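Encoded as structure tokens, the structure appears first; notes follow it.
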Amino acid sequence: MENAKTISVLLLVTFVSVLGNGVDSKLKAGQTISEIDRRLKLLNKPAVKSIKSEDGDIIDCVDIYKQSAFDHPALKNHKIQLKPSVDLLSEELDRRNESPRPVMMQTWQKSGSCPNGTVPIRRIQREDLLRAASLENFGRKAPEIPSSANKTNVKETQFMSFNDSKPLGFPPIVNRSAALLVTVGYNYIGAQGDINVWNPKVDLPDDYTTAQIWLKGGPGDNFESIEGGWVVNPKLYGDKLTRLFVYWTRDGYKSTGCFDAICSGFVQTGQIALGATISPISSSGGSQYYVTVGISLDPNSGNWWLKLNGNVVVGYWPGSLFGYLSHSATIVEWGGQVYSPNVKKTPHTKTAMGSGEFSHSLQGSACSIEHVRIIDYSLQLKYPQWVGTWADEYYCYDAYNFVEGYTTEPVFFFGGPGQNPNCK
Ligand SMILES: *[C@@H]1O[C@H](CO)[C@@H](O)[C@H](O)[C@H]1NC(C)=O
Ligand SMILES: *[C@@H]1O[C@H](CO)[C@@H](O)[C@H](O)[C@H]1NC(C)=O
Ligand SMILES: *[C@@H]1O[C@H](CO)[C@@H](O)[C@H](O)[C@H]1NC(C)=O
Ligand SMILES: *[C@@H]1O[C@H](CO)[C@@H](O)[C@H](O)[C@H]1NC(C)=O
């Protein structure tokens, strides 16, 4: 037995060193193949079944009780919740008097499904880790550093005026450019929106672009955030496809949290794979497609549940991951964000946001978020009382809450091309 093990280790070593030559050259300083493989073993739990998707992903069906979420120290004695105890998000879709929209699809689902008692998890591959700047930062957003903290570069802090409420200053953030609809003023226990699905261009190797919802709480320099939507992020995923993502942090992205289930935390209970590609994609002047992203606190368990299209349960962020967010959020944002070392400078990145068109081009051209909703402690799903729009660089990416007449509610449009004659 021992001998057999030694031989297979030897064989593996030989195999790796033969394959290794090409790979070695891509290693960053301080990385070794064995460190990378050790990390892969921690990240990827043993699969009951694996599905090869036509987009190149491998989806592992992992025992629901053995998913990596439970490696998190805060979840040591966590009892898994299999479904939310209350359902505040789906009622609204039932009430809507409109013809059903085409349902968002995950590409891997064409190639199979996961057995009962397992959850689908996108396998992290060695190439994914090799693309990362470092193993520590793999799957993580960079910390949000206000550029006003940079004494040599104090740009004007912009203010957003809410109707009648106090103006809210957002400091400009290094390497990030956002176009948002924002609400504050209450304690929020849920938010939802129908996010129009597009595939914007990503220009530079470190860039990514999102369309998403944020629920935030806590102090500005160390906030907690839970997030979900779609993203194009070639550095993380290895291609320029539009993918479903979630994110969380409890310290302003400094040292906690990650995309999807790349670090432990988010508990999956449904049959949606985080980080997997979604389709169909909207086309300019053609069919429009949406994914309804709904996040709500289950008051009985303290867990924040994520549902898609009203009734497709994805899983939850356990309340024990958070401090402030364990009871409510104090700010909700809908919209897009471009991460790039080349925002707020010349030459500006050509990475686009939304559809790549500015918000004023409206329906069928600009990216929209419709049926914007919050839940406060009245437990009603409703349009927020106060909203404001915000754009860091309105000549590169902008935001417009469009109201057509008095009978319809606003539709939020956002996005832009990045670099253009007014945004050099
Ligand atoms: C999976 O579980 C559900 C509910 O427990 C049950 O109705 C269904 O028959 C099971 N399916 C399979 C293939 O075992
Ligand atoms: C601070 O500003 C200077 C001058 O604009 C710039 O060279 C430097 O990279 C900035 N530092 C950070 C951390 O953004
Ligand atoms: C602000 O609220 C008042 C009263 O509700 C309304 O008449 C007005 O149009 C609002 N202004 C804006 C800019 O939304
Ligand atoms: C911004 O991007 C540059 C270039 O990739 C990087 O060196 C720097 O650390 C980034 N700063 C922040 C705060 O993300």
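In listed order, ligands and their atoms are each counted from 1. Predicted model only: the values in this text are computed from it and were never measured.
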Legend entry - Per-atom contacts of ligand 4 with I145, taking only distances under 4.0 Å to non-hydrogen atoms: 13 (C)

Inset, instruction - Under 4.0 Å from a heavy atom of A142: give me the atoms of ligand 4 that qualify, with their elements. - result: 14 (O)

Would you be so kind as to tabulate the donor-acceptor pairs closer than 3.5 Å made by side chains of residues 321-329, with sequence neighbours excluded?
| unit_1 | atom_1 | unit_2 | atom_2 | d |
| --- | --- | --- | --- | --- |
| S326 | OG | G323 | O | 2.5 |
| S328 | OG | N187 | OD1 | 3.3 |

Inset, instruction - Just let me know how Y339 lines up against ligand 4, side chain, backbone, both or neither, with a heavy-atom cut-off below 4.0 Å. - result: side chain

Legend entry - Plane angle bin for Y186 and Y188 - parallel if under 30°, tilted between 30 and 60°, otherwise perpendicular: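 Rings of Y188 and Y186: perpendicular, as their planes differ by over 60°.
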
Inset, instruction - With sequence neighbours excluded, tell me which residues meet side chain to side chain contact (heavy atoms under 4.5 Å, CB included) with V313. - result: P84, T269, W305, K307

Legend entry - Other residues, nucleotides, ligands: >12 heavy atoms within 6.0 Å of E404 CD: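 No, the 6.0 Å shell around CD holds no more than 12 heavy atoms from other groups.
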
